[in-house]
Amino acid sequence: MGYFCYPAHCPGPDLKIMTEKKLRTLAEPFRIKMVEPLKITTEEYREEVLKKAGFNPFLLRSEDVFIDLLTDSGTGAMSDRQWGGMMIGDESYAGARSWEHLESVVKELTGMAHVLPTHQGRAAERILYGILGGKDKVFISNTHFDTTRANIEFTGANALDIIPPTSRDPEVDLPFKGNIDTEELERLIVKHGSSQIGAVVMTVTNNSFGGQPVSMQNMKEVRTICDRNKVFLVIDGCRIAENSYFIKHRENGFADKTYEEIAKEMLRLGDAFIMSAKKDGLVNMGGLLTLKDDELSRKCTNLLIISEGFTTYGGLSGRDMEAIAIGLKEVFDPDYLHYRIRSTAYLGEHLRAKGVPVLWPIGGHAVYIDAKRLYPNIPVNEYPGQVLVCDLYVKGGIRCVEVGSVMFGKYDERHQLIPAQNELVRLAIPRRVYTQSHIDYVLDVFDDILELRKQTRGCRITYEPPFLRHFTSQFERL
Ligand code: F0G
């Protein structure tokens, strides 16, 4: 097996590999300089610790996890150059060299005049939406990420997600399934009145919708609609480099542009850019807010100073800023991006070939499994996604997260579950951390999972907090 490229959505340089008939494994474009040992445990041990954790893998010790696919956020490995940069970080309170380095890289990437450094993405969200939000305001997105929605709703505003009806089918193969529904966007702006729209938020790639990409065409249409109606456009672009890969290989007119040029072109369409640097910044902690408008930037800067830190470090240390500045360059390396997107697709395509129902096509940072279809005998009120998450841990020490009725379910007045739209499980791939043999191991564990397909044992919640219940809920097996 190899991370080879299927011709489907992926012409360009890879085709050479196909036409030369030398289908070679796409080996990781890095070698390992430092290792972190992993503990190998038995199935009996994992069953016991999972039981102690109330069948919620969030409550496991990471030491007891073999392959951690809980998130791609802040879990990547930094390069030798980034670690080198850490050593020359300038920790001055004001006007640090490392700040100048970060600011220049981010200004060049975004073309925006104002750069505010934050400790992570949600801090940038809290600052910006704290100002743009408020009671009766409406925000419209291709799909708000959870923290985006939470920061918007916290101000009293409403957050609406609009995906085109054609994209909602989990099986349909579309190149840009992460796009926003532009007709519905215009309709909603008219319905609510443009003065009530806090912002349009384009999440790139669309994390809560399968990590699916957004096309340049779609972003340009959104820009035109926002201009016509004087509505503010935010690009939540923590996976902007991954999105650029899809544009280069799937959208007409971009084959000859570099990934960085594509990202720059897209970011210039926004009024603001929010980035959790824990993804395509290739670092373990950090965030950014960039803005074009001077007045808005002054307001945001005031909040930054109150809650994060002075303008030239915000929520970051000098060494963090140095690592982000280097990471934001490395992430556009064509060999890295090709390996990154193909290695995620490798997992998804092989799962699909085994008969595991996956959200299709495979997105950039994660593979999403449809647990309702995998375990047809488990009703949604017995949480098939949580059952799969537990089975993956017990069978293989793999940790991942349910994105279904545990995360998004609500209750009606008779305390009956109102299920989520889908019962998905996300396998998110940390950047530059696991090798192909780790991924092949995950694929092997799915052979055991497929043997459990006919099981009827669901699970039941024994404890749940009032908010964000997936983090701390406890379960028992039925
Ligand atoms: N926006 C998007 C699209 C995200 O995916 C995330 C985080 C954030 C904002 C918030 O950034 O964590 O730095 O505060 N996503 C992580 C995930 C947590 O697992 O998908 P943060």
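Along the sequence shown, the residues carry numbers beginning at 1. Each ligand, and each atom within it, is numbered from 1 in the order the structure gives.
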At what distance, to the nearest 0.5 angstrom, does OG1 of Thr143 lie from CE of Met202? 9.5 Å
Calculate, to the nearest 0.5 Å, the distance between atoms CZ and CH2 belonging to Arg319 and Trp83 respectively. 9.5 Å
Inspect the surroundings of CD in Glu183 and state if more than 12 heavy atoms from other residues, nucleotides or ligands are less than 6.0 Å away. no
Anything with a heavy atom under 4.0 Å from ligand 1 counts, so go ahead and list those protein residues by chain and number. Thr71, Ser73, Gln120, Gly121, Arg122, Glu125, Phe145, Thr147, Thr203, Asn207, Asp236, Cys238, Arg239, Ser276, Lys278, Lys279, Arg426
Sequence neighbours excluded, which residues qualify as ring pair (Phe, Tyr, Trp, His ring centres under 6.0 Å) partners of Phe30? Tyr339
Before we go on, tell me: are the rings of Phe246 and Phe176 under 6.0 Å apart, centre to centre? no
Looking at Asp280 and Arg239, is there a salt bridge between them, counting it only when a charged N and a carboxylate O are closer than 4.0 Å? no
